[in-house]
2 protein chains.
Amino acid sequence: MHKPAKVTIEDVAAAAGVSRQTVSRVINNGPNVKPAVRQRVEAMVEQLGYVPNLSARRMGGARSYLILSINDRARTFENWTSGRGNDWVDQMLYGGMSECERHNYHMVLELIDTDAGTTIPQIARAVGSLRPDGVILTPPHCDNLELVAWLERQGIPCARVGHYEGGNFVDVFMDDEGAMREVTRHLLDLGHRSIGFLAGPLNYGPSQKRRKAFREALAEAGIPPEAGPIGAGNFYFDMAVSVLETMLAAPSPPTAIIADNDKMAFAALHVAADRGLKVPDDLSVISFEDTPGVRFSVPPLTAIRQPTAAMVGKACAQLIALSKGEEGMGAFELPYEFVVRATTKAPRG
Amino acid sequence: MHKPAKVTIEDVAAAAGVSRQTVSRVINNGPNVKPAVRQRVEAMVEQLGYVPNLSARRMGGARSYLILSINDRARTFENWTSGRGNDWVDQMLYGGMSECERHNYHMVLELIDTDAGTTIPQIARAVGSLRPDGVILTPPHCDNLELVAWLERQGIPCARVGHYEGGNFVDVFMDDEGAMREVTRHLLDLGHRSIGFLAGPLNYGPSQKRRKAFREALAEAGIPPEAGPIGAGNFYFDMAVSVLETMLAAPSPPTAIIADNDKMAFAALHVAADRGLKVPDDLSVISFEDTPGVRFSVPPLTAIRQPTAAMVGKACAQLIALSKGEEGMGAFELPYEFVVRATTKAPRG
DNA sequence: CTGAAAGCGCTTACAG
DNA sequence: CTGAAAGCGCTTACAG
């Protein structure tokens, strides 16, 4: 059976002996089609192998069936080229594509620079050419006020991953403060009385929340601020190393380190080895990320597993609902996991 | 400056005082536009922030500026859910998106099942709705004759990653025979006189080539076939373990193992440890894949690094050229890398 | 419940 | 070198 290269709605209409609006109603599950007619049309769609052309639907005024997912360009490329894997993107695609599949949507990933002057023009290009039904913003783009305002002006529904505000957005996030409290308490319960936090950059929303929760948890336990140093990291290995060196050179250095991401946790492992500190015997380490490398590191890291796939999946679901004219805006919290592996233990002595 | 939500070609034409065809010519770099007019139009495009609507361009008869990239659905999901990372997909996105970016193209990834009955309908849906300018097929889809024939009938340019034939396709691949020769010689040069090859399945094209090259390289060095055992693996850990057990139980067992992929190389490390063999002192191991896990394994594996990103990038480049009406079909070999790390050494004695 | 009309924003021949 | 016309394949009001 050699099907013609391009079957259009007109072909189906002719084959079924109806007008093209009727076919349109059938494929869009519209009302007002006699069951017998609907069946006849469906049979023809099947037989001719008709698939509606997305561009034409779009031009006709329908939705685009496209979700545009925006990631930090430089960081994503960096992860890819370093060959260290890119679990965040993997999980994002996993969650997003699974959800999009279910609704016959397509997810397109675009990498956008974070420089002040280029972000908006780049997104404008992507949005203008693709005209997606919704845009998913991940850190740090989701915290870019100017960008978010621009998107709002364009009237494009926007989901933010790792942002809490809600309002006229689809915000999906995990309880960063709760996670930090849980992690800090875990260390306190083990007996640690001096804990260092290797924090991420200040413009990362979640990092801010974690800083706050970290301070609070220590304060509640009666630990003085000096015994809870916060090192300002940038999520990269090298800087984390030097910050750690300083932290550990203090008169009464921390016996445990909480790292805001994996690379910095690895840095902690590295620095510990350099100084002859055994992990977890001499130094406990916890990561706030849980990529494959972490699970297979030696020793395997105790870590917070972020619900990346679930967050992005939820973002897609809400954006798709919105595009159908349903309700969808709001703030949605997804559960994280705290995975205790082999890098935390009671301090010596 | 509050720009209108949707600037069309008509707005630009009006602002520049020309017809919309002239604007069309300018944005498509067409000929026959007076320089002064071109400049005026470009200025207006810039000022109004005009971005052509892809759907409209498509409907007008232009290309879609979309490359559809097809991956094995089950395997991709498996890798994502197992949390082991998915370096292949990462590298594919890296190579593909980098190239697409340069041409203002968008890459859309779709996961398609490999079951005989569902592959074509699924692809038909994706292709029919997206109407991409080209499709990239990765293993095992690239070896699906029925699928490839279907795509050819649809007249959609198709690139195959890891396929050698060329012809009416864009085939991108690496020199598997050369890589195997290099790897084998590396071991021979170190003094190994008995080498085992843990091969992939017979229906996997590249594995076939590697088997052949392996046999030839040994023959050239005057190594008898008994000292170059080939174990038939299936790319998975468990089977590799049992094949290796047998290999190493031989009267004069190999002092080096070449594994056709990472999982089997890990199996070699595992079996060696079980038998009290130190790597590389008692057993050298080389992998024919180089995912992040390999690089960070203990000890780090000596491996062939496949040019995944480069292959996919090249595939995109050719597909894009084709869509512009340029030549593009053919077979393209991309260079692999042989990365010597810590698992190869001269044999004992 | 169904169809004839208009239009989405472009591009491609075709005229001039 | 430039523009008026037709059309891509749909959908959305609108009419019946």
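Every chain is numbered from 1, with letters handed out A, B, ... down the list of sequences. Owing to the predicted nature of the structure, the values given are computational and were not obtained by experimental measurement.
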Any salt bridge (charged side-chain N to carboxylate O under 4.0 Å, His left out) pairs touching residues 106-116 of chain A, not counting sequence neighbours? A:Arg73-A:Asp113

Within this structure, what is the CG-to-P distance between B:Leu130 and D:dG9, rounded to whole angstrom? 17 Å

OP1 or OP2 of D:dC8 under 4.0 Å from side-chain N/O of A:Asn53: no

Which side-chain hydrogen bond (donor to acceptor under 3.5 Å, both in side chains) pairs, counting each pair once, include a residue from residues 316-330 of chain A, with sequence neighbours left out? A:Tyr105-A:Ser323, A:Lys314-A:Gln318

According to salt bridge (charged side-chain N to carboxylate O under 4.0 Å, His left out), does anything in residues 62-72 of chain B pair up with another residue at least two apart or in another chain? List the pairs. B:Asp72-B:Arg75

Contacts of A:Glu152 meeting salt bridge (Lys or Arg N to Asp or Glu O under 4.0 Å) (sequence neighbours excluded), chain-then-number -> none

So, the side chain of B:Thr81 versus the backbone of B:Phe77: is there a donor-acceptor pair under 3.5 Å, distance only? yes

Listing for DNA chain C: consecutive Watson-Crick or G-U pair runs of at least 3, distance cutoff 3.5 Å, ranges ordered by first number, gives C:1-3 with D:14-16, C:5-12 with D:5-12, C:14-16 with D:1-3

Please write out the pairs of protein N or O atoms and N or O atoms of nucleotides 14-16 of chain C separated by less than 3.5 Å, giving the distance to one decimal.
none

Does A:Phe169 have any ring-ring contact (aromatic ring centres under 6.0 Å, His included) partners at least two apart in sequence or in another chain, and if so, which? none

Strictly below 4.0 Å: does B:Thr22 bring a side-chain N or O up to OP1 or OP2 of D:dT2? no

Which of D:dT11, D:dC1, C:dT2 is nearest the side chain of A:Lys34? It is C:dT2

Got a list of side-chain donor-acceptor pairs under 3.5 Å for residues 32-44 of chain B, not counting sequence neighbours?
from	atom 1	to	atom 2	distance (Å)
B:Arg38	NH2	B:Gly30	O	2.7
B:Arg40	NH1	B:Ala16	O	2.4

Can you check whether A:Ser24 has a side-chain N or O nearer than 4.0 Å to OP1 or OP2 of D:dT11? yes

Which whole-number value in Å describes the distance from B:Arg40 CZ to D:dC1 P? 14 Å

Find the distance A:Glu10:CD to D:dC8:C1' and express it as a whole number of Å. 12 Å

Atom CD1 of A:Ile9 and atom P of C:dA4 are separated, to the nearest Å, by 14 Å

Provide, to the nearest angstrom, the distance between the CG atom belonging to A:Asn32 and the C1' atom belonging to C:dG3. 13 Å

B:Asp11 CG to C:dC8 P, straight-line distance once rounded to whole Å: 11 Å

Given atom CG of B:Asn28 and atom P of C:dC10, what is their separation to the nearest angstrom? 11 Å

Assess the side chains of A:Arg125 and B:Asn104: does a donor N or O sit below 3.5 Å from an acceptor N or O? yes

Strictly by salt bridge (charged side-chain N to carboxylate O under 4.0 Å, His left out), give each pair with a member in residues 156-166 of chain A just once, sequence neighbours left out. A:Arg160-A:Asp171

Do the side-chain N or O atoms of A:Thr8 get closer than 4.0 angstrom to the phosphate oxygens (OP1, OP2) of D:dG9? no

Given C:dA5, C:dG9, D:dA4, identify the nucleotide with an atom nearest to the side chain of A:Gln21. C:dA5

A:Phe332: what forms a ring-ring contact (aromatic ring centres under 6.0 Å, His included) with it, not counting sequence neighbours? none

Select one nucleotide: of C:dA6, C:dG3, C:dC10, the one nearest the side-chain heavy atoms of A:Arg20. C:dA6

Please list, chain by chain and in numerical order, all residues satisfying side-chain contact (heavy atoms from CB on, under 4.5 Å) with B:Ser24, sequence neighbours excluded. B:Ile9, B:Asn28

Contact list for DNA chain C against residues 57-67 of chain B - heavy-atom distance below 4.0 Å: B:Arg57, B:Met59, B:Gly60, B:Ala62

Keeping B:Arg102 on the side-chain end and B:Ala317 on the backbone end, is there a donor-acceptor pair under 3.5 Å? no

